Visitor: 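Below you'll find the structure I mean.
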Amino acid sequence: MKTPPVELPAITDDGEFTARYSEAGLTELSFPEAGRASAPAANKGTIPGKILDWHRLTEAALKAILAGHQPKKFPPLDLAGTAFQKSVWQSLRKIPVGRTKSYGEIAEAIGRPKAVRAVGGACGANPVPVLVPCHRVLAANGKIGGFSGGLERKRRLLAREGLKI
DNA sequence: CATCAAAAACTCC
DNA sequence: GGAGTTTTTGATG
């Protein structure tokens, strides 16, 4: 591995997220997990300055969303996925704070109104939760659907934005 | 490399 | 509660 992904802890009020960066941008973000209280020891000396710069933006954006505000700036994202998944994630990022969309609406937005189920799959494959607000996507009839980080966490995120299920 | 089968965070009847 | 639609992923020849 010539360019191993860089891992940095992002401290928020909700816990310690783990952000992973490639040479092109933020590539993955993980929720804090029990039993992983201590972040991966980050050798700041070996981390390129630009990544530390991105990380500042990531942490700021993360905190903003967790507080229910729309972040002013996003770090560059380097999402790995199929064309379909990228379309879905792009649509997700257009959802403003405090609003929700259904899987069906996302499906329509990308021109595949009937691919709702596939949209669900793409959301589940979303490597960057919170910044790509997969938690703001609910099922058509108001059901909460699912969430990679656990349904409880999804509910709390929505509650922070002033939404009630 | 091409093809088949199974599964998924949905939606509608 | 069951059938339908689309995409992804892993197995098979």
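Only a predicted model underlies this, so the values are computations on that prediction, with no experimental measurement involved. Residue numbering restarts at 1 for every chain, and letters A, B, ... go by the order of the sequence lines.
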Visitor: Could you give the CG-to-P distance, from A/Leu92 to B/dC10, as a whole number of Å?
Guide: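 After rounding, the gap between these two atoms is 14 Å.
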Visitor: Choosing from C/dT6, B/dA9, B/dC12, which nucleotide comes nearest the side chain of A/Phe147?
Guide: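 Between C/dT6, B/dA9, B/dC12, the one nearest the side chain of A/Phe147 would be B/dA9.
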Visitor: Can you check the A/Lys154 NZ to B/dA9 C1' distance for me, whole Å?
Guide: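 Taking atom C1' of B/dA9 as the reference, NZ of A/Lys154 is at 7 Å.
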Visitor: Look at the rings of A/Tyr21 and A/Trp54 and say which category their plane angle falls in: under 30° parallel, 30 to 60° tilted, over 60° perpendicular.
Guide: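 Judged by the thresholds at 30° and 60°, the geometry between A/Tyr21 and A/Trp54 is tilted.
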Visitor: Expressed as a whole number of angstroms, how long is the span from A/Ile144:CD1 to B/dT11:P?
Guide: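 The answer, rounded to whole Å, is 13 Å.
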Visitor: Without decimals, in angstroms, what is the distance between A/Leu157 CG and B/dA9 C1'?
Guide: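 Those two atoms, CG and C1', are 15 Å apart.
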Visitor: For B/dA9, which nucleotide is its Watson-Crick or G-U wobble mate, given both distances must be under 3.5 Å?
Guide: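 By the stated definition (distances under 3.5 Å), nothing pairs with B/dA9.
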Visitor: Rounding to an integer number of Å, can you tell me how far A/Glu105 CD sits from B/dC10 P?
Guide: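 In whole Å, B/dC10 P and A/Glu105 CD are 16 Å from each other.
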Visitor: Go through A/Phe17 and A/Val130 one step at a time and tell me if the side chain to side chain contact (heavy atoms under 4.5 Å, CB included) criterion holds.
Guide: CA-CA 11 Å; A/Phe17 286 64; A/Val130 184; 4.2 Å; yes
Visitor: Need one value for A/Phe84: base, sugar-phosphate or nothing, where a base atom within 4.0 Å counts as base even if backbone is also close, heavy atoms only.
Guide: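 A/Phe84: backbone/sugar contact only, no base atoms under 4.0 Å.
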Visitor: Begin with the C-alpha distance, continue with both residues' side-chain angles, and end with the deciding distance and a verdict on side chain to side chain contact (heavy atoms under 4.5 Å, CB included) for A/Ile110 and A/Phe84.
Guide: CA-CA 8 Å; A/Ile110 64 176; A/Phe84 177 79; 3.5 Å; yes
Visitor: A/Leu158 has an atom CG; how far is it from atom C1' of B/dA9, in whole Å?
Guide: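 Taking atom C1' of B/dA9 as the reference, CG of A/Leu158 is at 13 Å.
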Visitor: Report the distance from atom CD of A/Gln85 to atom P of B/dA8, rounded to the nearest whole Å.
Guide: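 It works out to 16 Å between those atoms.
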Visitor: Expected output is a numbered-order residue list: members of residues 113-133 of chain A with a heavy atom under 4.0 Å from any atom of DNA chain C. What is it?
Guide: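 Here the set is A/Lys114, A/Ala115, A/Arg117, A/Ala118.
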Visitor: Evaluate the salt bridge (Lys or Arg N to Asp or Glu O under 4.0 Å) criterion for residues A/Arg56 and A/Asp53: first the C-alpha distance (whole Å), next the side-chain angles of each, then the deciding distance (0.1 Å), finally the verdict.
Guide: CA-CA 5 Å; A/Arg56 259 200 300 276; A/Asp53 213 38; 2.3 Å; yes
Visitor: In Watson-Crick or G-U wobble terms, both distances under 3.5 Å, what is the partner of C/dT5?
Guide: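 C/dT5 is paired with nothing.
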Visitor: When rounded to the nearest 0.5 angstrom, what is the spacing between NZ in A/Lys101 and CD1 in A/Ile95?
Guide: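 A/Lys101 NZ to A/Ile95 CD1: 6.0 Å, rounded to 0.5 Å.
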Visitor: Any side-chain to backbone donor/acceptor pair from A/Arg20 onto A/Thr27? Under 3.5 Å, distance only.
Guide: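 No: the side chain of A/Arg20 does not pair with the backbone of A/Thr27.
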Visitor: Is a side-chain N or O of A/Glu161 found less than 3.5 angstrom from the main chain of A/Val97, in a donor-acceptor match?
Guide: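 Flag not set: sc A/Glu161 to bb A/Val97 has no pair under 3.5 Å.
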Visitor: Within the structure shown, what part of the strands sits under 4.0 Å from A/Ser102 by heavy-atom distance: base, sugar-phosphate, or nothing?
Guide: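 If one applies the 4.0 Å heavy-atom cut-off, A/Ser102 turns out to touch the sugar-phosphate alone, with no base involved.
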Visitor: What's the CZ-P distance between A/Arg112 and C/dG4, to the nearest Å?
Guide: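 Distance, rounded to whole Å: 21 Å.
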